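Computed from a prediction, not measured in an experiment: that's the story for all the values here. Heavy atoms only: backbone and side chains are in, while hydrogens, waters and symmetry mates are out.
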Amino acid sequence: MNQKIGGMFMSKKKWLTVGIATMSVLALAACSNKSSNESGAGKHITMSSKYSGPGKATTAGNNSTLKIAEVNDAPFTGIASGTLASNAEDSDVFSPGAPGGSDSLFNVTKNWKIIDGGLANQRLNRKAKTVTITLRKNARWSNGAKVTAKDIEYPYEIIGNKDTTSQQYSSDYAAIKGMAAYHAGKAKTISGFTYPDGQKGRTVVIHLTKMSPSMKFAGNSFIWGGVEPYEYYKGTPISKLASSKQVRKNPIFTGPYKLDKEVQGESTTWSPNKYYWGKKAQIKHITIQVVSMNNIVAAMNSKKYDFVLGGIGSSQYPKIKKLKDYGTAGTPALSYSYFGFNVGHMDPKTGLNVMDKNAKMANKNLRRAMMYAVDIDAVAKKFGNGLSWRANTLIPPVFKDVYDSKTPGFKYNMKKAKSLLDKAGYKKQGKWRTDPNGKKLVIHLGAMSSSSATEATYQYYLQQWHKAGLNVQMTGGKPMEMNSFYTTLQKPKQNKMDVFLGAWSTSSEPTPTQIYGVDAPYNMGHFATKKNTELLNSLNSNKAWNAKYRVQQYKKWQEYMNSQAAYAPEEFSYSWSPVNKRVKGYNVAAENNEFWSSLSLTAANPK
């Protein structure tokens, strides 16, 4: 699971790298509460979102290099474009190039509500069904070029293009006039965008068929929260953008830092961007380097890094807490880990997910039984240290208004698991159960290589499923490297993983259409029912302007997803980092729209 920074909370849905205990081990930790808790909202440690070391910042400190570890067990992919990146690691290693830590257009409050004062301001007109976005006069890219109205529109072309590699499209974008025709390849432009002062001007008006209450918040699934440099990209077909030198080797940014060097998959190096419109960066050099989960504690012990992105395993929290020259800071995570079940495929012709009634995991009682057979409270207690806990729904509790704290989720109950399997016709023949047709049943679990604590959790899950009589084995016999795991999972159709363990870094607005919608590329288990589509659509319908109705529909959706268990929650967590005492101004609160510019250093090296 990945720690996110300041404005990075606003980014769109991305997958996280660790498998299963991405909460229990990646960025976070597990819960020390007893498993008597009814819902998934377990007791946990709370931390300040801020840390500032003693003493004053110095010239020698600010002229030195801020050293950051990106905690991950695989190389980062290296896609610097927010619309094309699909994992949180790329967002992390390129975050100094973005205001607040993302390519965000907007300034926000602590609840991620859009307010004036960012790269651009937004105005909603419910009656006219328009969203007007106006750039600030001094908005420039890190190469000195002006940010233009066309740069606001271009992300929609990238996301909606029928040949794109972006994973961000969902049916919510079809609310923009002309987007459906463009997405189908029937139009070369998106007719719903107009430019009052021309494409090289500062203003875009987006014309929609419906308005949504979510549009008031950054990270919603209708209005993209970033810009892309049209003039810089325009010579490259959208289908080839992700591999282009503009995205991979020489990306440009709108934030406080510019990229000086990238060592592919390993590190990024930064210096202040003289064209940045906002608060001036105080530190002259930043390096972000990939460090494995098993090596991060030793690296911190020897003071190699000032703080981490990507998070540290919960099992290592006691060791980190003892480090004399580090404080800790964190916030409830905009993320969660989950179990996904392969129940279908994506039709490449229509771009829609389709459920296969004959899929191995098609029976919801098989899926529910597998969830009741594992004691996630015990996992959280064993590997946690008060920083992660069993999740009870697919909406993180950080979204207080719509999170359903009352639904119990999948509380451990082996008796219930066995009973569900018996009733569904999964009968035991010797050691293992057969499928309802009496045929041999082998279920393959896909999970990513991770820390020793996370991999121990995989073994525990296998053991529990075996106790229930299910022959579950790891795909390929062992955990998979992150990139090959997702390459397999993102195929329109795959049969190597029947159940898989992943995690989502969510955006700062909770609508889950981009993850679980019928046309969402991220819906990698291919769950698609009429009821799910109806409930997802209701979250942003005209009725949803009534807050009470919207909350009610969110809770219905959470309960429905638990009843189907095509995706099932694993853990919620706290997103935290150790911070060296030479660092001043570290603040991961959502409303800190100047994360990187607020940092300064009191000494030339980590203390």
Side-chain angles (χ1 to χ4, degrees), residues 2 4 7-16 77 79-92 94-95 98 102-106 112 131 133 151-176 178-180 182-185 190 192-193 206 208 212 214-215 217-230 233 238-243 247 251 334-335 346 348 351-353 486 489-490 492 502-524 526 536 539-540:
N2 279 47
K4 290 276 125 279
M8 284 206 66
F9 283 131
M10 293 180 258
S11 67
K12 293 292 176 178
K13 280 72 173 175
K14 291 183 167 61
W15 37 261
L16 294 175
T77 317
I79 297 175
S81 153
T83 50
L84 293 166
S86 57
N87 68 49
E89 291 64 40
D90 282 350
S91 295
D92 286 343
F94 293 116
S95 59
S102 76
D103 56 356
S104 177
L105 271 171
F106 306 117
W112 305 288
V131 176
I133 298 170
D151 296 342
I152 297 172
E153 183 271 348
Y154 199 51
Y156 298 85
E157 289 190 36
I158 296 171
I159 291 164
N161 188 284
K162 66 180 178 64
D163 300 317
T164 192
T165 56
S166 171
Q167 302 285 301
Q168 300 290 352
Y169 192 81
S170 81
S171 55
D172 285 346
Y173 282 117
I176 297 168
M179 182 58 122
Y182 173 77
H183 184 58
I190 306 164
F193 285 85
I206 307 172
L208 298 114
S212 155
S214 69
M215 292 173 188
F217 299 90
N220 69 76
S221 52
F222 294 86
I223 305 301
W224 186 253
V227 285
E228 293 284 12
Y230 172 71
Y233 286 173
I238 286 170
S239 61
K240 294 184 178 164
L241 257 185
S243 56
V247 168
L334 275 169
S335 52
M346 180 177 259
L352 298 179
N353 288 293
Y486 278 110
L489 210 48
Q490 288 175 300
W504 289 121
S505 168
T506 74
S507 70
S508 45
E509 197 286 319
T511 302
T513 320
Q514 286 168 302
I515 305 179
Y516 302 118
V518 65
D519 55 357
Y522 280 138
N523 183 351
M524 295 174 288
H526 313 293
L536 287 174
L539 305 179
N540 287 304

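- In this structure, Asp519 contributes its side chain and Ser171 its backbone to a donor-acceptor pair below 3.5 Å.
- Remark: the backbone N or O of Gly517 is paired with a side-chain donor or acceptor of Asn523 at under 3.5 angstrom.
- Scored by the side chain to side chain donor-acceptor pair (under 3.5 Å) test, Asn540 finds Ser212, Ser214, Thr511, Arg550 as partners (sequence neighbours excluded).
- Taking the side chain as every heavy atom from C-beta outward, Glu157 and Ile238 approach each other to under 4.5 Å.
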Could you walk me through whether Leu84 and Thr164 pass side chain to side chain contact (heavy atoms under 4.5 Å, CB included), step by step?
CA-CA 8 Å; Leu84 293 166; Thr164 192; 4.1 Å; yes
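- Under a 3.5 Å cut-off, the side chain of Ser166 and the backbone N or O of Ile159 do not form any donor-acceptor pair.
- Paired with Glu228 under the rule side-chain contact (heavy atoms from CB on, under 4.5 Å), one option of Leu241, Asp151, Ile158, Val247 passes, and it is Ile158.
- Between the side chain of Thr77 and the backbone N or O of Ile79 there is no donor-acceptor pair closer than 3.5 Å.
- The heavy-atom pair separating Ala85 from Asp90 by the smallest distance is CB-CB, 4.1 Å.
- Here the straight-line distance linking atom OG of Ser505 with atom CG of Asp92 works out to 8.0 Å at 0.5 Å rounding.
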May I have the step-by-step check of side-chain hydrogen bond (donor to acceptor under 3.5 Å, both in side chains) for Gln167 and Gln514, ending in yes or no?
CA-CA 9 Å; Gln167 302 285 301; Gln514 286 168 302; over 6 Å; no
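- Taking each heavy atom of Met215 and Leu208 in turn, the nearest pair found is CE-CD2, 3.8 Å.
- In this structure, the side chain to side chain donor-acceptor pair (under 3.5 Å) partners of Tyr182, at least two apart in sequence or on a different chain, are Asn161.
- To the nearest 0.5 Å, atoms CD1 (Ile133) and CD1 (Ile223) are separated by 6.0 Å.
- Contact record, Ser239 with Thr165: O-CG2, 4.0 Å, taken as the closest heavy-atom pair.
- You'll find the side chain of Tyr154 stays beyond 4.5 Å of the side chain of Phe193, heavy atoms only.
- With hydrogens and angles disregarded, a donor-acceptor distance shorter than 3.5 Å links the side chain of Ser508 to the backbone of Ala218.
- Scanning for side chain to side chain donor-acceptor pair (under 3.5 Å) contacts around His526 gives Asn353, with sequence neighbours left out.
- A ring-centre distance under 6.0 Å is not found for Tyr173 and Trp224.
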CA sep, side-chain torsions, deciding dist, call: Tyr522, Ser86, side chain to side chain contact (heavy atoms under 4.5 Å, CB included):
CA-CA 9 Å; Tyr522 280 138; Ser86 57; 3.4 Å; yes
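- Using a 4.5 Å cut-off on side-chain heavy atoms (C-beta onward), Glu509 and Trp112 make no contact.
- Contact check for Tyr486 versus Asn87: no side-chain heavy atoms found under the 4.5 Å cut-off.
- In this structure the side chain of Ser81 reaches within 4.5 angstrom of the side chain of Tyr233, judged on heavy atoms.
- Between Tyr169 and His183, the ring-plane angle classifies as parallel under the 30° and 60° cut-offs.
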